[in-house]
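Presented below is the structure to which this report refers.
Because only heavy atoms are used, hydrogens play no part in the values below, and waters and symmetry mates are left out as well, while side chains stay in.
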Amino acid sequence: MQLHICNQLLACVLLYFMSLWDSCIGKPPHIVFIVADDYGYNDIGYHGSEILTPNLDKLSAQGVRLENYYVQPICTPTRSQLMSGRYQIHTGLQHSIIWPPQAACLPLEDKTIADALKAAGYATHMIGKWHLGQYKKECFPNHRGFDSFFGFLTGSGDYFKHRHVGCGITMNPACSYWTGWDLRENDKPVHDYDGIYSTHLFTQRAQKIIQEHDKTKPLFMYQSYQAVHGPLQVPDEYLVPYQNVTDRYRRIYSGMVTCMDEGIGNLTQTLHDTGLWDDTIIIFSTDNGGEIYAGGNNWPLRGWKHSLWEGGIHGVGFVAGPSLPDKMKGTSNNGLMHVSDWFPTIVGGLAGASLNGTKLDGVDMWHSISTGAASPRKEILHNIDPLTVTPVPCSTPIVSSDNKTFNTSIRAAIRVGDWKLITGDPGNGTWFPVPNSGNIPRKNTDLPDKRVWLFNIADDPREFNDLSEYHPDIVDQLFNRLQEHYTDSVPVFYPDGDPKADPARHNDTWSDWE
């Protein structure tokens, strides 16, 4: 009897000291990473949007809003850097996106954030849009570190029918008419959800994963919504608040945003209901700027999706959750940050796992986010795309002071401190206001043969004033940095389309073919 009592006391003491140990070292939090597709800078309530986003506004107001946060101008590049922590110049994905018929994917030798978290003991799940290659099963998310995958492999599709049409690139014979089912659970195509709107479908799957999660393990869930990428589709009930919006594209897009916001609110409520919320960090990010022709808006920033102007790359992002220190809740972080930073920030900073041996361009930002300390990042390479080249009259190369050259016909951009240098063709540089807002569009007045711009983004976030002629020394320094990155880059991998990708060859389904 006495021995039994002693054993009980010993067990209680051990439990007490184990709890002290957990509080000292910090239990790895659950991490929910939410991506909104083609979501504009001016499309969230706290940036002054007319679109209703009460859940995003509330979450971000209880967390840290990232107001100097950058993504890439289009889908695949942002997602590749999120997954790998590496710039496009180091993965061969510098040009465009991965189109469905291309035998390409995020390089298999690159460890993903899911690989690293799974090795650290996390349960890892992905829901929604992948868009990082599909030509063989080894490229699928459930072979890249995720325990489960429920979603679609290509870049877009019908929100209700879950089918993708077209191939995106020129092929012979033409592939623009190709069409196929694009929804799967792990390796297996699924056909049971025809007619269910994808935002609802993906939210419901997230809720199911949360409800069934083994609470003894930390959770990493990558919630990659299809919303609010085109095509513009939404159930009629979400259009009701926007009946007075006269622009049809903006009206439907607004409903899609509000539907996504509702889904994020439901997901968050499920975390509360299951008791996971107190140990959860939620991260929200866009993948690129809003698509003007599909209802998105980035006002007052210049440009839009596809462009290297701020409207294409200045992302909406925030971090929220009870695990944040109280003093940081309700604050804004103005430190420079890039989407590639999430890999080391999540794996090293949040999960406390080792990053040894991992080649990264990203920087661990957790100390800055959680304490308000200065950002350790001083530079962002926005991209160097040598396949997008615009002829420059007269002399093409620019020669810097140390005799290195950078060809200004190449589409590229770099940020160092407050300075941003752009070369080549950055894309559409118009300032687009919300339709019928009363604001007047400002057209790009640059000369057609202009190929170099320099802006101080801290003083001029709208990119009104090109300073390249006034600060040749800074232009020269940034040319040097571009050339150094270019020298360090790997060749672009952008293969031709493969006829074997035709869904007609795969039971009417977009699938692998090697």
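For the atom pair Thr78 OG1 and Asn288 CG, the distance stands at 5.5 Å (nearest 0.5 Å). Separating the OG1 atom in Thr124 from the CE atom in Met126 is a distance of 11.5 Å, to the nearest 0.5 Å. Taken to the nearest 0.5 Å, the OG atom of Ser60 stands 10.0 Å off from the CG atom of Leu66. Separating the OG atom in Ser176 from the CD1 atom in Ile169 is a distance of 11.5 Å, to the nearest 0.5 Å. Atom CG of residue Asp43 and atom OG1 of residue Thr53 lie 9.5 Å apart, to the nearest 0.5 angstrom. Here the CD atom belonging to Glu463 is positioned 11.0 Å from the CG atom belonging to Asn456, to the nearest 0.5 angstrom.
Residue Trp419 is tested with Ile414, Val475, Leu467 for a side-chain contact (heavy atoms from CB on, under 4.5 Å); the sole match is Leu467. Exactly one residue among Arg377, His90, Gln72 makes a side-chain contact (heavy atoms from CB on, under 4.5 Å) with Ser340. That residue is Arg377. Put simply, the residue from Thr388, Leu387, Ile89, Ile384 that forms a side-chain contact (heavy atoms from CB on, under 4.5 Å) with Val492 is Leu387.
Salt bridge status for Glu484 with Arg481: present, with a side-chain N to carboxylate O gap under 4.0 Å. A salt bridge links Asp512 and Lys137; the closest N-O separation between the charged side-chain nitrogens and carboxylate oxygens is under 4.0 Å. Ion pairing of Lys500 with Glu514 is absent here, as no side-chain N (NZ or NE/NH1/NH2) approaches a carboxylate O to less than 4.0 Å. At a threshold of 4.0 Å, the pair Arg163-Asp182 does not count as salt-bridged, since none of the basic side-chain nitrogens sits closer than that to a carboxylate oxygen. Ion pairing between a basic and an acidic side chain is recognised when a charged N comes within 4.0 Å of a carboxylate O; Arg302 and Asp446 show such pairing.
With hydrogens and angles ignored, the 3.5 Å screen pairs no side-chain donor or acceptor of Gln88 with any backbone N or O of Pro77. Using a distance-only test at 3.5 Å, with no hydrogens or angles considered, no donor-acceptor pair links the side chain of Thr509 to the main chain of Ser511. At least one donor-acceptor pair under 3.5 Å links the side chain of Arg184 to the backbone N or O of Trp510. Although no hydrogens or angles enter the test, the distance criterion places no donor-acceptor pair under 3.5 Å between the side chain of Asp287 and the main chain of Arg79. Counting only distance, with no hydrogens or angles, the side chain of Gln134 and the backbone of Phe152 share no donor-acceptor pair below 3.5 Å. Under a 3.5 Å cut-off, the side chain of Arg86 and the backbone N or O of Leu360 do not form any donor-acceptor pair. Between the side chain of Thr76 and the main chain of His131, a donor-acceptor pair closer than 3.5 Å is present. Put simply, the side chain of Asn186 never gets that close to the backbone of Lys188: no donor and acceptor are under 3.5 Å apart.
Inter-residue side-chain proximity for Thr423 and Arg451 is flagged as unmet; no heavy-atom pair is nearer than 4.5 Å. Counting heavy atoms from C-beta outward, Lys450 and Ser468 have side chains that approach closer than 4.5 Å.
Aromatic ring centres of Trp431 and Trp309 lie farther apart than the 6.0 Å criterion allows. Taking the six-membered ring for Trp, Phe220 and Tyr122 have ring centres at least 6.0 Å apart. A ring-centre distance under 6.0 Å is found for Trp304 and Phe432. Aromatic pair Trp342/Phe33: centroids less than 6.0 angstrom apart.
Side-chain contact annotation: Tyr222 with Trp130, donor-acceptor N/O pair under 3.5 Å absent. Checked by atom type, the side-chain pair Trp513/Asp498 shows a donor-acceptor distance below 3.5 Å. Using modelled atom types and a 3.5 Å distance limit, the side chains of Asn444 and Thr430 yield no donor-acceptor pair. In the model, Glu379 has a side-chain atom that pairs as donor or acceptor with a side-chain atom of His485 under 3.5 Å. One side chain, Asn333 or Ser368, offers a donor N or O that lies under 3.5 Å from an acceptor on the other. A side-chain donor from one of Asp187 and His143 sits under 3.5 Å from a side-chain acceptor of the other.
A cation-pi contact links Arg442 to Phe464, judged by a cut-off of 6.0 Å to the six-membered ring centre and 45° from its axis.
Within a 6.0 Å sphere centred on OH of Tyr293, heavy atoms belonging to other residues, nucleotides or ligands number 12 at most. For Lys359, the NZ atom sits in a loose shell: 12 or fewer heavy atoms of surrounding residues, nucleotides or ligands are nearer than 6.0 Å. Around CG of Asp418, the count of heavy atoms belonging to other residues, nucleotides or ligands within 6.0 Å exceeds 12. For CD of Glu109, the number of neighbouring non-hydrogen atoms (other residues, nucleotides, ligands) closer than 6.0 Å is greater than 12.
Aromatic ring orientation, His338 versus Tyr87: perpendicular (interplanar angle above 60°, classes split at 30° and 60°). Classified by interplanar angle (parallel below 30°, tilted 30° to 60°, perpendicular above 60°), the ring pair Tyr70/His314 is tilted.
For the salt bridge (charged side-chain N to carboxylate O under 4.0 Å, His left out) condition, the pairs that include at least one residue of residues 140-156, sequence neighbours left out, are Lys118-Asp147.
For the side chain to side chain donor-acceptor pair (under 3.5 Å) test, residues two or more places apart in sequence or in another chain that qualify with Ser148 are His125. For the side chain to side chain contact (heavy atoms under 4.5 Å, CB included) test, residues two or more places apart in sequence or in another chain that qualify with Glu67 are Tyr41, Tyr46, His47, Arg65, Ser332, Asn334. In this view, Glu291 and His306 satisfy the side chain to side chain donor-acceptor pair (under 3.5 Å) rule, not counting sequence neighbours. Take His367 and apply the side chain to side chain donor-acceptor pair (under 3.5 Å) test, not counting sequence neighbours, and it matches no residue. With sequence neighbours excluded, no residue forms a side chain to side chain donor-acceptor pair (under 3.5 Å) with Asn465.
In plain terms, the two heavy atoms of Lys129 and Thr154 that are nearest each other are CG-O, 3.9 Å.
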